[in-house]
Amino acid sequence: MGTQLLEFVHPLQGTDSREDFSRGNTLPLLCTPFPMTAWTLQTDEGRWAFRWRDAKIQGVRATHQPSPWMGDHGHFTVMPQQGELLPAPQERGSSYDKEALVCRPDYFRVHLLRDDCVLEATPTERGVKLRLRFGKAGPTRLIIDGFRQGGSLEWDAVRRIVLGSSRANYGGTPENFAQWFAIRLHAAATGLHQARPAAPEEILGALDFTAEAGQTVECDIATSYISAAQAVRNLDAEIGGRTFESIRNQAAAAWEERLAKIQVESTDARLKKVFYSCLYRTLTFPHKCHETDAEGQTVHYSPYDGAVHPGELYTGHGFWDTYRTAYPLYALLCPEDYASFLRGWMNACREGGWYPRWPSPGYRTCMLSTHVDAVFADAAGKGITGFDLAEAYEGLRRHAFENLEEDAGFGRPGLGAYLALGYIPADRYRHSVAATLDNAYCDFCLAQIARMLGRTDDEEVLLERALSYRQMFDSSVGFMRGRNADGSWLEPFDEFFWGGPYVEGSAWQTSWGVPHDVPGLITLFGGPEKFVAKLDQMLATPPHFTVGDYGFEIHEMSEMACAKFGQYAHSNQPVHHALYLFAEAGAPEKTDHWVGKILTESYDETPGGFPGDEDNGEMSAWFILSALGLFPLCPGKPEYVLAKPLFNAATVHLPSGPLRIVRPDEGSSDRAFFLDGKELPARRVSHAELLAARSLAYGEKTPSAKGEHLPASAVDISRLAAK
C-alpha cells in the first residue's frame, strides 16, 4: 500500500496502563474517524479491556468506551476457537505473538498461538470484517460474548446470520437500551447454542462450523443502537459483498485524508510517530450514535429518553477535558464535524431537557460545571456555522440561572450557593474552589454568546459572575483557597492537600484556572514578576502531596510524583494551560523552554507513551497544538498564544487554505513571530488572522521592530475588573 502517514500511527500508544498508574488508559482502537463502534483486542473483560502487559487475547471487542473510569456500553466480544469448548473469558484466552502483532487504525493482525489461528480485522463506521486462517482442521466455533447484563442471541436460519444484542453498560442508559448486532459467517455453520445454559442471563453463545487446515474464513459484523433489523441494514450497507481489501482500502483512505490535514517535516521519526499517533487519537472521539434508516434518513436512538429521533447524536466526550484543546483543534481542522457535534449535543438537550456534562452514552455524574458552554462559545467566536446559536443558547443559559438540588449529570451542582454568595462554600460542597473557578469561566463563555445574540442583560450579569474567581484567592497564602459560607477561610490550609475544595489536585494545580482573565489573575499574585516567580516555584517545588480526603494515593498523585516536573502535573488537565501563562506574564522564553521539555520528555509512541490519562483526545490535542506553536489559552476567545514550534516546518491545511509554519535553525535568542512576513507585536494571533494567513514564521526580530509584550486580551471583562 506504499508509504503512508498511517505508518507513523501507533494505536498501542498509552495501553501499558493500570488502575493505579496511567500511561494513557487508552485502547488500541480499530475504527474509522469518529466511528459509531470501534474494535479492540480484549485481554480482560473489565474496564481495562486491553493491557499491553497481559499475555492472552480473549477476543475482539466491539467498544464505545471513552475511558476505563467511565466504562463501556453495548459491548460484546467474538473469539475464534478450536478443540474443547472453553467459552468464559479466562478459559478461552489465548497467548499471542506480540512480535508479529500488527496494529493500525485501519487493520490489525494477531496470531493466536493456542489454536494456530491468524486473525485479521478491518473496520467500517459501524462494523468490522474479520478474516480467520486456521493452521489445522477440526471442529471450530466463534464464541460470542455479550457479557452478563442481559440481551439476546439467535440464529436466523433463512438469512444465515446471527442476530444479537448486548445490554451491558456502566450507566447513562434507559431501561430499553441495547446494542444490536448482526454477524454473517462465510462458512457453513452447523448451529448456534448457548455456551453455558446454566446462566441464561449471560449472553454467551457458540456458532459452530468446520474449518480446513489453511482455510480462510471471513466474518462480517455490524452494530446498531436501534434494532436488529437496523444492524442488518448497516451490515448490508457498509460491508455487503465487499472484499476485505476494499474495506481496508476505504478505511485507510479515510484516515490518510484526515492525517494529511497536517504535514510535519522532520528527520526525527520518533517525533513524527508521536505526532500522528496523537492526531489519530483526537479523531477517534466523540463517537457517533446516529445511523441511516430504510428511507435514507439520519436517525438515532437516544439514551436520554429511550426513543428514536431524526438527526445526529454523539457520545463519549467529557467536556471538562475536551473543551481545552480537542475542540479548538477541530475548529482548525474539521469545522464541519464540529458543527455536527454541536447539532448532536443540541439533540441531547432537546431529548433530555439539559446538555450532558459527560455523555457516556447519556447523562453521567462526573466532573464539575458545564464546559459544553465553552465548546459552543469557541465555535461561535470562530465563525463555525451549521447550527442554531440562538436555540443552543436557550439550553446553555439554564446552566447559569437554574439551580438543581441533585446532581444527575447535568447542570451545575451548588449553583444556588454560587449565585447567593458569589462562590461555592467549602463547608457545604466538595470541590468548592475548582467548581467556583470553573463556573466563573463558563459564565464568561456564556457571556460571549449572549453578546453575539444581543442579550445585553445576560451579558452584564454573566461577566460580573466571571469575576467570582477573585473570592477564592487568599493573598496571605498566595493560592486559591476554600471559603466557608460565613466568609471565613477553610482551616487549616495545606498547599499540598489533594481533594477537599480542589478536584484531582491541590492548590498548586488549581490556582491557575482563570483562562478568561489572565491580567486579573496576574494582579492577584502581585504583578507579572511575582506571577512568573510563582510559576517558577510550581516547577521547582518537589512533587510532594498529602492524600487529603481521597484517603489513598490516587493515580494522578503517583503520576505527578514520577514526572519530575515539580507540582506541574501534566498527567491531568487543570494545568494544561499553565505553561503558557509565562508568555502572558512577559516571560515567553520560559513557555518555550517548558513546553518543549513536555513535548520531548513526556510523550512517546510506545504503550507507555502518555504522562497520564489521555481523555478522549485532549492530551493528544495538547501535543499537536503545542508542537505547532498554537495554543488556545482561553477557548471562548478566538485567539491563540504562540510558542516555539517543535518542528522546523509544518503545513496545516485549514478550511481557508494551507498555512505554512516554519521555525528556522536557531540563531539569536531575541526572536519573534511573523505572520505573512509581518512581525507580530505580541505572541498572540486571532483565529481570523490565522485563517487569512498563508505563513507563520518564528525567527529573529527585525532591528527596526523589536516588538513589545502585551498583556492577555481581557475584552469585555476588563471594565469590570477594576470594580
Side-chain angles (χ1 to χ4, degrees), residues 1-18 22-33 35 38-43 48-54 57 60-61 63 65-68 96-111 120-123 248 251-252 254-264 266-285 326 329 598-624 626-627 646-647 650:
M1 299 179 70
T3 302
Q4 302 172 304
L5 293 176
L6 271 170
E7 302 292 340
F8 295 105
V9 176
H10 289 243
L12 292 166
Q13 181 189 30
T15 60
D16 188 9
S17 297
R18 46 187 289 172
S22 175
R23 288 299 187 190
N25 266 333
T26 60
L27 293 174
L29 297 180
L30 177 81
C31 61
T32 58
W39 308 84
T40 181
L41 295 172
Q42 177 180 304
T43 64
W48 276 262
F50 178 89
R51 293 175 296 201
W52 174 247
R53 295 190 185 188
D54 289 348
I57 298 294
V60 177
R61 180 194 283 197
T63 180
Q65 179 168 291
S67 160
Y96 70 104
D97 186 348
K98 289 191 177 184
E99 294 297 320
L101 176 66
V102 177
C103 191
R104 292 163 45 113
D106 63 311
Y107 171 79
F108 65 56
R109 180 183 185 276
V110 60
H111 187 189
E120 298 172 279
T122 191
R248 182 183 176 187
W255 277 112
E256 282 297 315
E257 180 183 6
R258 297 285 188 159
L259 297 172
K261 292 286 186 180
I262 309 177
Q263 295 169 314
V264 298
S266 175
T267 58
D268 190 330
R270 186 190 73 86
L271 287 180
K272 290 182 74 172
K273 290 174 183 177
V274 178
F275 186 90
Y276 286 107
S277 297
C278 285
L279 185 52
Y280 145 80
R281 190 64 62 178
T282 66
L283 299 171
T284 56
F285 287 98
L329 185 61
I598 295 295
L599 288 170
T600 55
E601 297 178 17
S602 294
Y603 291 75
D604 61 49
E605 79 283 11
T606 71
F610 290 108
D613 281 355
E614 199 286 319
D615 287 324
N616 316 134
E618 191 284 331
M619 190 172 282
S620 290
W622 187 96
F623 184 95
I624 294 163
S626 295
L646 178 63
F647 299 102

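Given the structure is predicted, the values throughout are model-derived calculations rather than measurements. Heavy atoms only: backbone and side chains are in, while hydrogens, waters and symmetry mates are out.
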(request) For the pair Asp604 and Arg270, evaluate salt bridge (Lys or Arg N to Asp or Glu O under 4.0 Å) and give the outcome as yes or no after the intermediate values. (result) CA-CA 7 Å; Asp604 61 49; Arg270 186 190 73 86; 5.5 Å; no
(message) According to ring pair (Phe, Tyr, Trp, His ring centres under 6.0 Å), who are the partners of Phe623, at least two apart in sequence or on a separate chain?
(response) Tyr603
(message) Assess the residue pair Thr26 and Gln13 against the criterion (side-chain hydrogen bond (donor to acceptor under 3.5 Å, both in side chains)); give the C-alpha distance rounded to whole Å, side-chain angles, the decisive distance to 0.1 Å, and a yes or no.
(response) CA-CA 7 Å; Thr26 60; Gln13 181 189 30; over 6 Å; no
(request) Looking only at non-hydrogen atoms, find the nearest pair between Leu30 and Pro105 and report the distance. (result) CD1-O, 3.4 Å
(request) Tell me, with the steps shown, if Leu5 and Glu256 meet side-chain contact (heavy atoms from CB on, under 4.5 Å). (result) CA-CA 6 Å; Leu5 293 176; Glu256 282 297 315; 3.8 Å; yes
(request) For the residue pair Glu120 and Tyr107, establish whether any side-chain heavy-atom pair is separated by less than 4.5 Å. (result) yes
(request) Would you check if the side chain of Arg281 reaches a backbone N or O of Pro11 as a donor-acceptor pair within less than 3.5 Å? (result) yes
(message) Give me the atom names and distance for the closest heavy-atom approach of Ser22 to Asp613.
(response) OG-OD1, 2.6 Å
(request) Verify, without hydrogens or angle tests, whether Thr606 (side chain) and Gly608 (backbone) share a donor-acceptor contact under 3.5 angstrom. (result) yes
(request) Measure from the side-chain N and O atoms of Thr122 to the backbone N and O of Asp106, and report whether any donor-acceptor pair falls under 3.5 Å. (result) yes
(message) Given 3.5 Å as the limit, does a donor-acceptor pair link the side chain of Asp97 with the main chain of Ala100, or not?
(response) yes
(request) Taking all non-hydrogen atoms of both residues into account, name the closest pair between Pro35 and Cys31 and its distance. (result) CG-CB, 3.7 Å
(request) Verify side-chain contact (heavy atoms from CB on, under 4.5 Å) between Ser620 and Tyr280, making sure each step is shown before the conclusion. (result) CA-CA 9 Å; Ser620 290; Tyr280 145 80; over 6 Å; no
(message) Closer than 3.5 angstrom, by distance alone: can the side chain of Thr282 be matched with the main-chain N or O of Gly617 as a donor-acceptor pair?
(response) no
(message) Glu257 vs Trp255, test: side-chain contact (heavy atoms from CB on, under 4.5 Å). Steps then yes/no.
(response) CA-CA 5 Å; Glu257 180 183 6; Trp255 277 112; over 6 Å; no
(message) Walk me through whether Asp16 and Arg23 qualify under salt bridge (Lys or Arg N to Asp or Glu O under 4.0 Å).
(response) CA-CA 6 Å; Asp16 188 9; Arg23 288 299 187 190; over 6 Å; no
(message) Could you work out, with ring pair (Phe, Tyr, Trp, His ring centres under 6.0 Å) as the rule, every residue matching Phe647, not counting sequence neighbours?
(response) Phe275
(request) Kindly write out the residues that satisfy ring pair (Phe, Tyr, Trp, His ring centres under 6.0 Å) with Trp48, not counting sequence neighbours, or none if the list is empty. (result) Trp69
(request) Taking Thr43 for its side chain and Arg51 for its backbone only, find out whether a donor-acceptor pair lies under 3.5 Å. (result) yes
(request) Locate the shortest heavy-atom distance separating Trp52 from Leu12; write the atom from each residue and the value. (result) CZ3-CD1, 3.8 Å
(request) Quick one: closest heavy-atom pair of Ser266 and Lys272, and the distance? (result) O-CD, 3.6 Å
(request) Walk me through it: do Val60 and Thr40 pass the test side-chain contact (heavy atoms from CB on, under 4.5 Å)? (result) CA-CA 6 Å; Val60 177; Thr40 181; over 6 Å; no
(request) For Glu7 and Arg104, run salt bridge (Lys or Arg N to Asp or Glu O under 4.0 Å): C-alpha distance rounded to whole Å, both residues' side-chain angles, the deciding distance at 0.1 Å, then the answer. (result) CA-CA 8 Å; Glu7 302 292 340; Arg104 292 163 45 113; 3.1 Å; yes
